Amino acid sequence: MNVLFLCTGNSCRSILGEATFNHLAPAGWKAMSAGSKPTGQVHPRSLALLAREGISTEGYYSKSWENLPATPDIVISVCGNAANETCPAYLGPVLRSHWGVEDPAHATGTDEEIDAAFMTAYRILRARIEAFFALPLETLKDDKAALKAEMDRIATLMA
């Protein structure tokens, strides 16, 4: 099953989701990420955080949803609600869920405060990904309505 983490810039949240998902994924599950308006680079704080957490950063880059390496079965949008951020809507026939997370790239303050915003985004995504992998996925992958209901429930989890 291919899971797409989707946001606008594909530099922070969707990359954190993709890398964390792939780090924790059982065989047969693979994540990718993309943006509707990719920045063209992964935010250095995202890469540093992943490295500190022991998650490989190799091969991750900011890319457009028009250049996906595979067709997604599931799309998880991760755009937040701050600053009236518009979340792109993937138009293919896939299961969709919205796991909104505020964009740490817009955090301001001291280095410690900005790092804390990245860590908050990571912890929320990791908690949701761990909850996803705790589901009976072998059963749910054939019941799209039940899987969507579970994914929408997971979307409410915080770190």
Side-chain angles (χ1 to χ4, degrees), residues 1-80 85-105 118 121-157 159:
M1 295 284 284
N2 293 311
V3 176
L4 171 63
F5 283 88
L6 181 64
C7 68
T8 307
N10 190 221
S11 70
C12 295
R13 296 161 295 182
S14 53
I15 295 284
L16 292 172
E18 175 187 19
T20 303
F21 188 99
N22 287 334
H23 181 72
L24 300 172
W29 289 86
K30 176 83 172 134
M32 54 193 154
S33 69
S36 58
K37 295 177 183 146
T39 63
Q41 68 177 10
V42 177
H43 197 291
R45 289 181 193 259
S46 294
L47 296 173
L49 186 156
L50 290 167
R52 282 193 309 272
E53 293 295 316
I55 297 172
S56 173
T57 60
E58 188 174 329
Y60 294 113
Y61 62 98
S62 177
K63 59 203 154 300
S64 171
W65 61 353
E66 295 173 359
N67 301 316
L68 297 176
T71 302
D73 301 294
I74 297 170
V75 173
I76 299 171
S77 55
V78 294
C79 300
E85 183 177 15
T86 301
C87 201
Y90 185 83
L91 301 177
V94 298
L95 188 152
R96 294 175 189 81
S97 189
H98 178 68
W99 290 5
V101 177
E102 298 307 326
D103 190 350
F118 275 81
Y122 166 75
R123 285 187 177 137
I124 291 168
L125 288 165
R126 182 160 183 138
R128 292 174 183 172
I129 292 164
E130 288 174 347
F132 177 81
F133 286 132
L135 296 172
L137 294 173
E138 282 305 309
T139 305
L140 288 174
K141 71 181 185 181
D142 296 323
D143 185 346
K144 300 293 189 220
L147 180 55
K148 173 152 177 55
E150 287 294 334
M151 291 182 67
D152 289 348
R153 178 189 60 77
I154 287 170
T156 65
L157 298 178

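All figures in this text were calculated on a predicted structure; none of them were measured in a lab. Residues take their numbers from the sequence shown, with the count starting at 1. Hydrogens, waters and symmetry mates are skipped; everything else that's a heavy atom, side chains included, is used.
Under the 30°/60° scheme for interplanar angles, the aromatic rings of Phe21 and Phe132 are found to be tilted.
Once rounded to the nearest 0.5 Å, the distance linking CE of Met1 with CH2 of Trp29 reads 4.0 Å. Put simply, NZ on Lys37 and CH2 on Trp65 are 9.5 Å apart, with the number rounded to the nearest 0.5 Å. How far CG of Leu6 is from OG of Ser77: 6.5 Å, rounded to the nearest 0.5 Å. Atoms OG1 and CZ, on Thr20 and Arg126 in that order, are 6.5 Å from each other to the nearest 0.5 Å. Between the CG atom of Leu47 and the CG atom of Leu16 there is a distance of 9.0 Å, given to the nearest 0.5 Å. To the nearest 0.5 Å, atom CD1 of residue Ile76 and atom NE2 of residue His98 are 11.5 Å apart.
Atom OH of Tyr61 sits in a sparse spot, with 12 or fewer heavy atoms from other residues, nucleotides or ligands closer than 6.0 Å.
Within the 3.5 Å criterion, the main-chain N or O of Cys7 finds no donor-acceptor partner in the side chain of Arg13. Using a distance-only test at 3.5 Å, with no hydrogens or angles considered, no donor-acceptor pair links the side chain of Ser11 to the main chain of Val42. A donor-acceptor pair under 3.5 Å is formed between the side chain of Asn22 and the backbone N or O of Ala31. Checked by atom type and distance alone, the side chain of Asn10 never pairs as donor or acceptor with a backbone atom of Pro38 at under 3.5 Å.
None of Val75, Ile74, Leu68, Asp73 except one satisfies the side chain to side chain contact (heavy atoms under 4.5 Å, CB included) rule with Asn2; the exception is Asp73.
Contact annotation: the side chain of Cys12 approaches that of Asp103 to within less than 4.5 Å [non-hydrogen atoms, C-beta and beyond]. Within the 4.5 Å cutoff, side-chain heavy atoms of Pro72 are placed close to those of Met32.
Across Ser33 and Ile15, no two heavy atoms sit closer than the pair OG-CD1, 3.5 Å. Across all non-hydrogen atoms, the minimal contact from Ser46 to Phe118 is OG-CE2, 3.4 Å.
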When the side chains of residues 143-157 are checked against the rest of the protein, which donor-acceptor pairs come out under 3.5 Å, sequence neighbours left out?
| unit_1 | atom_1 | unit_2 | atom_2 | d |
| --- | --- | --- | --- | --- |
| Asp143 | OD1 | Ala146 | N | 3.2 |
| Lys144 | NZ | Lys141 | O | 3.0 |
| Lys148 | NZ | Arg96 | O | 2.8 |
| Lys148 | NZ | Asp152 | OD1 | 3.2 |
| Lys148 | NZ | Asp152 | OD2 | 2.8 |
| Glu150 | OE1 | Arg153 | NE | 3.0 |
| Glu150 | OE1 | Arg153 | NH2 | 2.8 |
| Asp152 | OD1 | Ser97 | OG | 2.8 |
| Thr156 | OG1 | Arg153 | O | 2.6 |

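Between Glu18 and Lys63 a salt bridge is recorded (basic side-chain N to carboxylate O distance below 4.0 Å).
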Intermediate values then yes/no, side-chain contact (heavy atoms from CB on, under 4.5 Å), Val101 and Leu125: CA-CA 8 Å; Val101 177; Leu125 288 165; 3.9 Å; yes

